[in-house]
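Structure first, commentary second.
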Amino acid sequence: MNMMEIEKKWQNYWDEHQTFRAINNDNTKKPYYILVEFPYPSGAGLHVGHVRSYTAHDAMARMKRMQGYNVLFPMGWDAFGAPAEQYAIKNHIHPKEAVKENIHNFKRQMKTLGFSFDWSREFSTADPEYYKWTQWQFLQFYKHGMAYKATVPVNWCPNCKSVLSNEDAAGGVCERCGTQVVQKEKDQWMLKMASYAEDLLKGLDDTHFADRVKLGQINWIGKSTGAEVDFKVDGHDESFTVFTTRPDTLFGVTYCVLAPEHPLVLKITTDEYKEDVIEYTKKCSLKNEMERTELNKEKTGVFTGAYAINPVNNEKIPIYISDYVLVSYGTGAIMAVPAHDERDFEFAKKFNIPIIQVLAPSTDLSTLEPLTKAMEGDGVHINSSFLDGLNKEEGIKKILSFLEEHHIGKAKVNYKMRDWIFSRQRFWGEPIPMIYCEHCGWVPMDEKDLPLLLPDVTEYEPTDNGESPLAKITDWVNTTCPKCGAKAKRETDTMPNWAGSSWYFLRFMDAHNEKEFANMDIMKYWGKVNWYNGGMEHTARHLLYARFWVQFLYNIGLVPNKEMIDIRVSHGMILGSNNEKMSKSKGNVINPDDVVKEYGADTLRVYEMFMGDYQQDVSWSTESLRGCNRFVNRVIKIGEKLNDKEGYQNPSSIHKTIKKVSDDLVTLKFNTAVSALMILLNEMEKYPDGITKDEYRVFLTLLNPIAPHITEELNEQYSLGKPLCESAWPIYDENLIKDTEKTIGIQVNGKLRGEVVVCEDDTTDTVKEKVEKIENMQKYLQDKEIVKFIYVPNKIVSIIVK
RNA sequence: GCCCGAGUGGCGGAAUAGGUAGACGCACAGGACUUAAAAUCCUGCGGGUGUAAUAGCCCGUGCCGGUUCAAGUCCGGCCUCGGGCACCA
């Protein structure tokens, strides 16, 4: 058999018959939306890891279609991104040309693997017809006060004169030229994502994401409950606010710390310390975020000469500045309780600041020993005036009401998640449809003028001052103000890579709508994405961005649900045969094209489903792949043993397999689905009179979602019925699955000593009789007293003897 | 440091709610077919002990303890590996 030809033949058949085309608003069928993350079309082509998740969900989609669902299983391209831009800079061709080629290659590979995507809905995020709506949605963010410009620090290479991503500035040096990277303030578009923190947290309850995915999101949002407390600066009118999760330790505060960027720093610093402070602040500004948060870094800082007043006891405490306090979290200032915070403890030790213990393991103060490290957990309050004797929870409650009563603080919730920096100084992204006018300020483009197209040019290098390459294209930049008609300039930043992927699943529902990003009725019809599969590396960022985007659209009435994704799952990685991540440099990369050429697409598909637990990492094994190839060949070979009988020779095995495969394909247990089919094949091969057409047909149907080409071919070759992709999925009969007889184990005093055949409705007494008759059991039962006889129906017999 | 995930034969992995651990596959060994090899088919395959063989017995799911008639599975305490976050107050 020529696999290449057979596969091509059926791939053409599916194309010609539009077998996998999903119909919008088809009310004769239940909708079912299965989504796999669309890839970034890199030059490297499809990875075997893509094949794993695509095959898995393809199998699901194919079964669901046969079960009568209207299945939406789309594919597209996340086409904006840095690699295409780098390539363009080097070769002076427009990135869209390189992307076009890569897409062509990806699509070819996907076709050879037989994925049942509805190609009629294909699009790329870099298509103007698509990014028109990404821009349009940005305008909605802007119009609803959710987008704003802010000055934020970025990594800046003074040599290359360009803004670097954190990845390109790893270790604090520019990846390209090795120059020390500095922090530079830059105006960026921001989306007010932090204001959605609580909703994004709560919304998780309306989803069925895998636990590890939910946890990833929860951690990223980083909710922490505590209080804000106001501290007056001694001898000044100024005061500052700190955030703490432990207001109950206020009596243990021995100093305060402001972030070096805190606005109050220079105002309160005394002349004596001014020089030190300025120097320290300067030093910090040279470090990027990576360096500042470096592992196990020793604490640094300087005293400002100023003192704060602890509002609960009026103690004078020194104010330091240190970069262990981040300006971007909380209030950028902390109260330090060295006795009960590890970082404060370390700092206090280094700067010889007193440490006051306000929590003890017990109330017995005579046993109190000096702390060798901070005591961070619960305990009993001491040295804390009206909090003495209370535990952590009680203490927090009491101090909160005290703070609120005296107007010196209040309960406060903080989130780690920040607003979304939505600007990139890059060429290859969606242009931000904003115009700057000297008179009117920032003015949104008129919606009817969208899309704002990326210009066709030949130079993509960044400009000298770190502006996007678009800034050099003066024809494009210079425009008129939509409001007053005066000369104005376009925004030259583009959107981040995550923009287009934040709503593509909505577009798939209604991919070619020219009037709106997607029609409401159509979105209502499809409802939520039933299954969304993607890599674990996207659980924090992509998935949160997408959920934020959807929640916003929901709040302004443009999508039917606040959460549009129901189940999110993540496949495990496929590692090289040496157990390491596949990479060119390690030489352990497997190219799906080669495997398809040598063994056929079906073998690759079966192997990737069989190789292990879908959600777990596995390493590649060509031997194991060959084993799956043997299985496929045996499926072909058993066709020669077709007899002219009808029905099932062993209905129980067939129905059990139907149940097993049907269940496993929607619970991600693809490996045991394949194994069940192997077991059935092993059994059928042993039938003395060959197999019936009915048996072959049902077997091929069950295998079809995983190995769609060869099963269709065999089905046709032996005239077993109409094409499987147009046939119904078999239904099992519960009655035929039940075993009337079963062999179960017999335990005596907890040890397995024999086995017995029981019938389904045997009573304990009948089983006991049976067991007592078994010869081999005599030596365990004779001359012994049976203390207890346990029979767990159809499971086990357990006897206790004395 | 914190948060996940995982530790089961030579290997990838099975084991619905605690109920005969090792399904299925790979590798390996022996045999059949072949002039020979490959392919294919058959048999065996956790360790130990034991038997002419069958049987029998002991140990065994990272380690230590516990609950239970019964623990890979539940509980407590560790260890190792993989991944993510990382001075978030």
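Just the heavy atoms: all of them, side chains too, but no hydrogens, waters or symmetry mates, feed the values below. Just so it is clear: chains get the letters A, B, ... in the order the sequence lines come, proteins before strands, and each one is counted from 1.
For Glu376(A), there are no salt bridge (Lys or Arg N to Asp or Glu O under 4.0 Å) partners, not counting sequence neighbours. Shown here are the salt bridge (Lys or Arg N to Asp or Glu O under 4.0 Å) partners of Asp248(A), two or more places apart in sequence or in another chain: Arg246(A). Applying the side-chain contact (heavy atoms from CB on, under 4.5 Å) test to Asp663(A) and every residue at least two apart in sequence or in another chain returns Lys659(A). Residues satisfying the ring pair (Phe, Tyr, Trp, His ring centres under 6.0 Å) criterion with Trp220(A), sequence neighbours excluded, are absent altogether. Residues meeting the ring pair (Phe, Tyr, Trp, His ring centres under 6.0 Å) test with Tyr255(A), sequence neighbours left out: Tyr320(A), Phe347(A). Every salt bridge (Lys or Arg N to Asp or Glu O under 4.0 Å) that Asp664(A) has, sequence neighbours left out, goes to Lys660(A). By the ring pair (Phe, Tyr, Trp, His ring centres under 6.0 Å) test, Tyr607(A) is found to be paired with Trp620(A), residues two or more places apart in sequence or in another chain being considered.
Taking the C1' atoms as reference points, rC11(B) lies 27 Å from rC58(B), given to the whole Å. Spacing between rC74(B) and rG82(B) at atom C1', rounded to whole Å, works out to 26 Å. Rounded to a whole angstrom, the distance from the P atom of rA55(B) to that of rG60(B) is 22 Å. Taking the C1' atoms as reference points, rU43(B) lies 23 Å from rG50(B), given to the whole Å. For the P atom pair drawn from rA86(B) and rG12(B), the interatomic distance equals 32 Å after rounding to whole Å. For the P atoms, the distance from rG83(B) to rU16(B) is 29 Å, rounded to whole Å. With both ends at atom P, the span from rC24(B) to rA15(B) equals 13 Å, rounded to whole Å.
Using a 4.0 Å heavy-atom distance criterion, Ser621(A) is classed as making no nucleic acid contact. Residue contacts for Gly222(A): at a heavy-atom cut-off of 4.0 Å it reaches no nucleic acid atom on any strand shown. Backbone-only contact: Glu623(A) has heavy atoms under 4.0 Å from sugar-phosphate atoms and none from a base. Among the atoms of the strands shown, only primed sugar atoms or phosphate atoms (P, OP1, OP2) are found under 4.0 Å from some heavy atom of Arg630(A). In this structure, Asp344(A) reaches neither bases nor backbone, as no heavy-atom distance under 4.0 Å exists between it and the strands shown. Counting any heavy atom pair closer than 4.0 Å across all strands shown, Thr743(A) reaches a base atom. Within 4.0 Å of Gln616(A), counting heavy atoms only, lie sugar-phosphate atoms of the nucleic acid but no base atom. Nucleic acid contact for Lys637(A): sugar-phosphate only, since backbone atoms but no base atoms lie under 4.0 Å from a heavy atom of the residue. Within 4.0 Å of Lys669(A), counting heavy atoms only, lie sugar-phosphate atoms of the nucleic acid but no base atom.
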Check nucleotides 59-62 of chain B against the protein and report each pair of N or O atoms closer than 3.5 Å, with its distance, or say if there are none.
unit_1: rC59(B); atom_1: OP2; unit_2: Lys751(A); atom_2: NZ; d: 3.1

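In this structure, the CD1 atom of Ile638(A) is 16 Å from the P atom of rU40(B), given to the nearest Å. With rounding to whole Å, Asp613(A) atom CG is found 14 Å from rU8(B) atom C1'. For Asp664(A) and rG13(B), the CG to P distance is 17 Å, given to the nearest whole Å. Tyr791(A) has its OH atom 14 Å from the C1' atom of rU20(B), to the nearest Å.
A salt bridge links Arg634(A) to Glu685(A): one of the charged nitrogens lies within less than 4.0 Å of a carboxylate oxygen. Classification of Glu298(A) and Lys350(A) as a salt-bridged pair holds, one side-chain N sitting under 4.0 Å from a carboxylate O. Using a 4.0 Å cut-off between a side-chain N of Lys or Arg and a carboxylate O of Asp or Glu, Lys373(A) and Glu346(A) do not qualify as a salt bridge.
Of the two residues near RNA chain B, Asp211(A) and Gly745(A), the one whose nearest nucleotide lies more 5' is Asp211(A).
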Quiz item: Can you give one letter per nucleotide of nucleotides 69-85 of chain B, 5' to 3': B if a protein heavy atom sits under 4.0 Å from the base, S if only from the sugar-phosphate, - if neither?
Solution: BS--------------S

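At a non-hydrogen distance threshold of 4.0 Å, Ser675(A), Met678(A), Ile679(A), Asn682(A) from residues 674-684 of chain A come into contact with RNA chain B. Within residues 654-662 of chain A, no residue is approached by RNA chain B to less than 4.0 Å at the level of any non-hydrogen atom.
rG84(B): glycosidic angle beyond 90° from 0, hence anti.
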Quiz item: Based on Watson-Crick and G-U pairs with both distances under 3.5 Å, what dot-bracket line describes RNA chain B 5' to 3', crossing pairs as [ ] and inter-strand pairs as |?
Solution: (((((((..(((......[....))).(((((.......))))).((((......))))..(((((..]....))))))))))))....

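Considering only side-chain atoms of Thr672(A), the nucleotide from rU20(B), rA89(B), rA14(B) that sits closest is rA14(B).
The closest donor-acceptor contact from the side chain of Asp419(A) to the backbone of Met190(A) lies at 3.5 Å or more, if one exists at all.
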